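To keep things clear, I will list the structure first and then write my remarks on it.
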2 protein chains.
Amino acid sequence: MAIKERKEREKQEMRNLIIESATQLFLKQGYDKTSIRSIADDIEYSPATIYLYFKDKDEIFFVIHENAFEILEQHLRRNDVIADPFERLAGLGRTYIEFGLQNPDYYDLMFIMRAPMEQIKNEEKWKSGECAFGYLLTTLSACLEESKIRQGDLYVTAIQVWSFVHGLVSLYVRGRMCILMMPDDATREILYNSFDLFLANLKK
Amino acid sequence: MAIKERKEREKQEMRNLIIESATQLFLKQGYDKTSIRSIADDIEYSPATIYLYFKDKDEIFFVIHENAFEILEQHLRRNDVIADPFERLAGLGRTYIEFGLQNPDYYDLMFIMRAPMEQIKNEEKWKSGECAFGYLLTTLSACLEESKIRQGDLYVTAIQVWSFVHGLVSLYVRGRMCILMMPDDATREILYNSFDLFLANLKK
DNA sequence: GCATTTACTAAACAGTGTTTATTATATTCA
DNA sequence: TGAATATAATAAACACTGTTTAGTAAATGC
């Protein structure tokens with residue numbers, strides 16, 4: 001009965017096809033313009049077919065959201081080679097900001113948009129988020145143990161770091177940094193300077 | 001020719017009626033469910049009439065966005081009585097966070113959603129945002145002058161403070177704080193503790 | 001009192017996410 | 001192999017959305 005397995009494989013391939021098309025359209029045109037109909041058009045199937053492979057639009061974008069987390073994690077992992085935990089923390093932060101600035105649509109989906117979080121409510125847990133947050137917790141824990149940063153509750157410190165870098169990136173990607181009335185590259189400069197200052201204040 | 005003035009007054013009254021209805025629906029049901037048709041239904045006019053008073057949906061929500069800034073400013077102004085600039089800064093931050101937590105929909109419109117910012121592109125300047133940011137700049141300037149906080153560039157420091165409090169609030173209102181796996185009030189506790197720690201690190 | 005401007009709306013347009021009933025194909029079993 | 005069943009795909013519809021157009025009724029100007 002290899003037919004069942006082939007069918008399962010074909011089903012997965014179709015899911016991949018849909019996700020690949022949706023991802024491409026999403027990165028090119030954004031969330032709103034990536035309609036079920038436009039995906040169907042792209043893969044040359046009818047819109048109704050997509051609903052045989054995904055419950056709704058949210059489920060499609062939840063998968064894209066998870067793929068984006070895998071990409072971020074690949075970037076973050078490059079800091080594993082840094083021995084000093086404080087420098088590793090600095091690396092993680094800069095990597096996070098850089099990822100956000102260079103992949104604003106992915107960042108949006110991961111940390112700003114409501115759509116993928118609706119899916120989490122059903123799944124109870126935000127696995128992707130917890131994994132990335134885990135990196136931060138581990139690094140901060142090492143920093144505290146080696147007294148590289150000011151003493152304080154681990155979770156409070158973690159939220160502090162995350163909130164700060166998220167604030168920088170999200171104000172930027174959602175157009176609020178226009179308040180500085182500076183060209184784009186100067187605004188980015190301020191972003192990184194601001195992060196450096198933050199690190200300096202955190203250091204022991 | 002008092003007729004012209006009456007007409008102008010009536011036009012403004014109609015605009016107010018639309019904004020009041022839209023605001024009420026927005027705070028009750030959120031942005032997406034506040035459709036032009038639902039507003040029209042509420043004020044007992046046809047949907048097309050709304051377009052005689054507003055260019056599009058964005059323009060309506062831009063006005064609501066501006067009204068929200070006025071409310072925030074009223075809250076922020078209560079800190080004017082605090083003489084010590086550092087304590088005033090602390091007050092401003094806490095007021096900002098509190099406003100965000102208690103008015104998540106307004107906060108969304110002011111600092112997260114793209115809709116009202118489309119309007120700013122046409123108007124060139126984000127007046128509401130600049131006004132609120134001005135409060136922060138003035139207070140920080142006083143802090144620096146009296147050496148209440150670590151020395152540093154005014155704008156870099158301002159972005160640092162704003163990004164941090166925005167990060168806290170926006171991660172919360174967009175459901176990412178679920179990562180802490182804590183009840184809502186405990187999460188809020190962490191938020192405020194995190195802000196206190198931030199202030200302590202900033203203090204000279 | 002008549003012409004003109006203003007205020008309003010019904011209906012349509014072009015989209016959206018999603019569901020249902022139907023058809024064509026593939027698989028199973030006698 | 002041939003009939004019965006299960007699967008895959010779709011056309012069409014449903015209930016929405018923001019927005020525009022053409023036409024009507026009332027208020028205003030002369």
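Small disclaimer: the values here were computed from a predicted structure and weren't measured. So you know, we letter chains A, B, ... as the sequences are listed, proteins then strands, and number each from 1.
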Worksheet item: Side-chain donor-acceptor pair under 3.5 Å between B:Y172 and B:D184, yes or no?
Response: yes

Item to complete: For nucleotides 22-27 of chain D, just jot down a letter per nucleotide in 5' to 3' order: B, S or -, based on protein non-hydrogen atoms under 4.0 Å.
Response: ------

Discussion item. Using a strict heavy-atom distance below 4.0 Å, which residues from residues 27-54 of chain A are in contact with DNA chain D?
Written reply: A:R37, A:Y45, A:S46, A:A48, A:T49, A:L52, A:Y53

Fill in: Separation of atom CD1 in A:I60 from atom C1' in C:dG17, rounded to whole Å
10 Å

Item to complete: To the nearest Å, give me how far apart CD (B:E13) and P (C:dA7) are.
Response: 13 Å

Response to the item:
For A:S38 and A:K33, the nearest pair of non-hydrogen atoms, with its separation, is OG-O, 3.8 Å

Worksheet item: How far apart are the closest heavy atoms of B:F62 and B:P116, and which atoms are they?
Response: CD1-O, 3.6 Å

Worksheet item: Is there a donor in the side chain of A:T95 and an acceptor in the side chain of A:N79, or the other way round, less than 3.5 Å apart?
Response: yes

Worksheet item: Is any side-chain N of the basic residue among A:R94 and A:D196 closer than 4.0 Å to the acidic one's carboxylate O?
Response: yes

Worksheet entry | B:E10 CD - D:dT28 C1' separation (whole Å) | 12 Å

Worksheet item: Given atom CZ of B:F61 and atom P of D:dT17, what is their separation to the nearest angstrom?
Response: 13 Å

Discussion item. Quick check: A:F111 with A:Y106 (ring centres under 6.0 Å apart)?
Written reply: no

Response to the item:
Between NZ of B:K57 and P of D:dG18 the distance, given in whole Å, is 5 Å

Worksheet, complete the sentence: Between B:K55 and A:K11, the residue closer to the 5' end of DNA chain D by nearest nucleotide is A:K11

Worksheet item: Looking at B:F61 versus B:F54, is the centre-to-centre ring distance below 6.0 Å?
Response: no

Discussion item. Between B:T49 and B:S46, is there a side-chain donor-acceptor contact under 3.5 Å, judged purely by atom types and distance?
Written reply: yes

